[in-house]
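Some notes on the structure that comes next.
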Amino acid sequence: MEIRWLEDFIALAKTRHFSRAADEQNVTQPTFSRRIKLLEEEMRVTLIDRNTLPLSLTPAGEVFLQSAELITRQLKDTKERCQEIRKQEESQIRFVTSQTLFLSFYKEVIEPFCLDINMELDINMKSSSWLGIDFVNSLMDQQCDIMLCYWHPAINFIRALDDEQYEHIIISEETLIPCSVTNADGEPKYTLPGAKRKPLPYIGYYENSFLQPVIHHHLQRQRDVPQLHTISENYHSVSIKAMVKEGYGIGWIPKRLMLDTLNYGKVALAGEENWHIPLEIRLYRSKFNQNPNLNQFWEALKEKVARNAPR
């Protein structure tokens with residue numbers, strides 16, 4: 001049974017005339033009559049008394065009319081609610097970022113900004129476990145609307161977003177700092193560049209992470225060759241921070257993530273400023289994304305960044 005058969009029947013019950021009901025349903029009278037006949041065959045009962053003028057409903061037709069009106073009304077209401085949900089979903093801003101940026105930057109900057117402009121982001125928490133390239137693919141495949149990430153010229157996979165289809169906002173700057181647990185005198189237990197005879201235990205990132213190519217690029221350009229012995233690799237700065245705090249070795253960690261720990265004095269900088277690595281924190285989007293809420297969010301954020309920029 002098709003829904004339009006129910007609508008045809010309701011129109012016929014209202015007009016009591018095949019020709020007028022067919023016009024109301026925008027079909028020819030033969031087509032309309034055939035559909036009413038199919039409906040009666042489906043119900044295995046005569047619904048229309050064709051021997052009266054005007055037409056009338058049989059007792060079964062009167063019962064069926066009540067159900068037909070209820071079903072079509074419920075279907076219309078359900079369709080409207082579903083369309084409202086679809087519009088809400090289309091207007092949501094799907095946001096992805098790494099675990100480190102979620103912990104160290106989203107809560108401090110993005111979330112308060114959203115509260116200020118009375119807008120909510122749909123945060124994909126699964127993205128906190130993604131590899132670096134997963135973020136780029138998510139944006140390119142339209143699985144997210146905006147992507148918050150670190151940027152450095154050494155991160156090769158993010159160059160795909162240099163295409164004119166995409167745009168970004170530089171929201172802030174960040175610094176990767178080498179950290180070590182302190183000794184009894186409050187000095188770093190491990191200090192760069194280390195010695196050949198006794199290389200520093202190094203807690204690094206996996207190659208397909210955002211930060212490993214950045215660190216590798218920077219260390220290759222130092223006058224003093226760092227003497228490091230990799231003892232562990234991780235995807236997340238939080239894991240490296242935990243191992244550094246336990247004294248397992250030296251690791252490069254975003255400064256925002258380390259500020260509180262550094263202030264406690266149990267962890268210290270493991271090298272001079274030349275070992276510090278500058279980064280940008282960027283927000284990316286597709287220029288062709290027409291989500292109205294995204295456009296509003298993007299323009300408001302651009303304005304806020306411009307206001308806060310040093311003059």
Side-chain angles (χ1 to χ4, degrees), residues 97-109 125 127-132 134-135 148-152 154-155 158 172-281:
T97 193
S98 65
Q99 182 188 81
T100 302
L101 280 169
F102 183 77
L103 293 174
S104 66
F105 193 81
Y106 173 83
K107 290 289 186 179
E108 292 182 11
V109 179
M125 293 303 297
S127 67
S128 63
S129 62
W130 287 358
L131 306 180
D134 293 335
F135 291 93
L148 182 70
C149 66
Y150 293 118
W151 181 90
H152 186 278
I155 307 176
I158 209 169
S172 187
E173 295 178 347
E174 179 60 284
T175 306
L176 281 177
I177 53 175
C179 296
S180 164
V181 71
T182 54
N183 56 26
D185 297 323
E187 299 296 325
K189 181 178 179 180
Y190 306 108
T191 306
L192 290 161
K196 285 185 178 181
R197 287 178 297 177
K198 192 176 181 181
L200 303 175
Y202 170 54
I203 308 161
Y205 295 87
Y206 284 114
E207 192 64 37
N208 48 9
S209 66
F210 271 99
L211 299 181
Q212 174 55 23
V214 176
I215 297 170
H216 180 72
H217 175 273
H218 188 78
L219 297 187
Q220 281 189 320
R221 284 154 179 76
Q222 294 306 299
R223 183 182 61 185
D224 297 323
V225 179
Q227 304 300 319
L228 303 174
H229 169 61
T230 301
I231 63 167
S232 174
E233 291 180 324
N234 296 270
Y235 284 117
H236 304 301
S237 299
V238 172
S239 301
I240 295 177
K241 175 183 176 180
M243 293 189 72
V244 167
K245 287 174 65 177
E246 292 299 321
Y248 288 109
I250 184 176
W252 271 263
I253 305 167
K255 188 175 182 179
R256 275 186 174 84
L257 198 62
M258 288 301 296
L259 283 177
D260 289 345
T261 305
L262 288 171
N263 290 336
Y264 288 140
K266 292 185 178 181
V267 173
L269 294 175
E272 300 296 331
E273 195 167 338
N274 62 296
W275 298 105
H276 297 188
I277 308 173
L279 296 171
E280 290 179 359
I281 298 176

Q | Test side chain to side chain contact (heavy atoms under 4.5 Å, CB included) applied to I281 and R256, step by step | A | CA-CA 12 Å; I281 298 176; R256 275 186 174 84; 3.7 Å; yes

Q. Is a side-chain donor-acceptor pair under 3.5 Å present for Y235 with S129?
A. no

Looking at every non-hydrogen atom in both residues, tell me the closest pair between [X] and [Y] and how far apart they are.
X: K241; Y: T261; result: CE-OG1, 3.1 Å
X: Y206; Y: Q212; result: O-CB, 3.1 Å
X: P193; Y: W275; result: CB-CZ2, 3.7 Å
X: L131; Y: D134; result: N-OD2, 2.9 Å
X: E207; Y: P213; result: O-CD, 4.0 Å
X: G251; Y: V244; result: N-CG2, 3.7 Å

Q) Who are the ring-ring contact (aromatic ring centres under 6.0 Å, His included) partners of F102, not counting sequence neighbours? A) Y106

Q. How far apart are the C-alpha atoms of S172 and V109, what are their side-chain angles, what is the distance that settles it, and do they pass the side chain to side chain contact (heavy atoms under 4.5 Å, CB included) test?
A. CA-CA 10 Å; S172 187; V109 179; over 6 Å; no

Spatial distance of atom [atom1] ([X]) from atom [atom2] ([Y]) [nearest 0.5 Å]:
X: I253; Y: Y205; atom1: CD1; atom2: OH; answer: 6.0 Å
X: K266; Y: N183; atom1: NZ; atom2: CG; answer: 14.0 Å
X: H152; Y: E280; atom1: NE2; atom2: CD; answer: 9.5 Å
X: C179; Y: L262; atom1: SG; atom2: CG; answer: 5.0 Å

Q) Hey, is CD on E272 packed in by over 12 heavy atoms from elsewhere, all under 6.0 Å? A) no

Q | Q220 atom CD: more than 12 heavy-atom contacts under 6.0 Å | A | yes

Q: Name all residues meeting the side-chain hydrogen bond (donor to acceptor under 3.5 Å, both in side chains) criterion together with N234; count only those two or more places apart in sequence or in a different chain, and write none if there are none.
A: S232

Q.
Tell me whether the rings of F135 and F210 are parallel (<30°), tilted (30 to 60°) or perpendicular (>60°).
A. tilted

Is any side-chain heavy atom of [Y] closer than 4.5 Å to one of [X]?
X: T175; Y: P254; value: no
X: L228; Y: L192; value: yes
X: Y150; Y: L176; value: no
X: P178; Y: H276; value: yes
X: L103; Y: Q99; value: yes

Q: Might you work through the side chain to side chain contact (heavy atoms under 4.5 Å, CB included) test for L211 and W252, ending with a clear yes or no?
A: CA-CA 9 Å; L211 299 181; W252 271 263; over 6 Å; no

Q: Apply side chain to side chain contact (heavy atoms under 4.5 Å, CB included) to the pair N274 and D224, showing each step before the final yes or no.
A: CA-CA 10 Å; N274 62 296; D224 297 323; 5.6 Å; no

Q. By side-chain contact (heavy atoms from CB on, under 4.5 Å), which residues pair with P199, not counting sequence neighbours?
A. Q227, H229

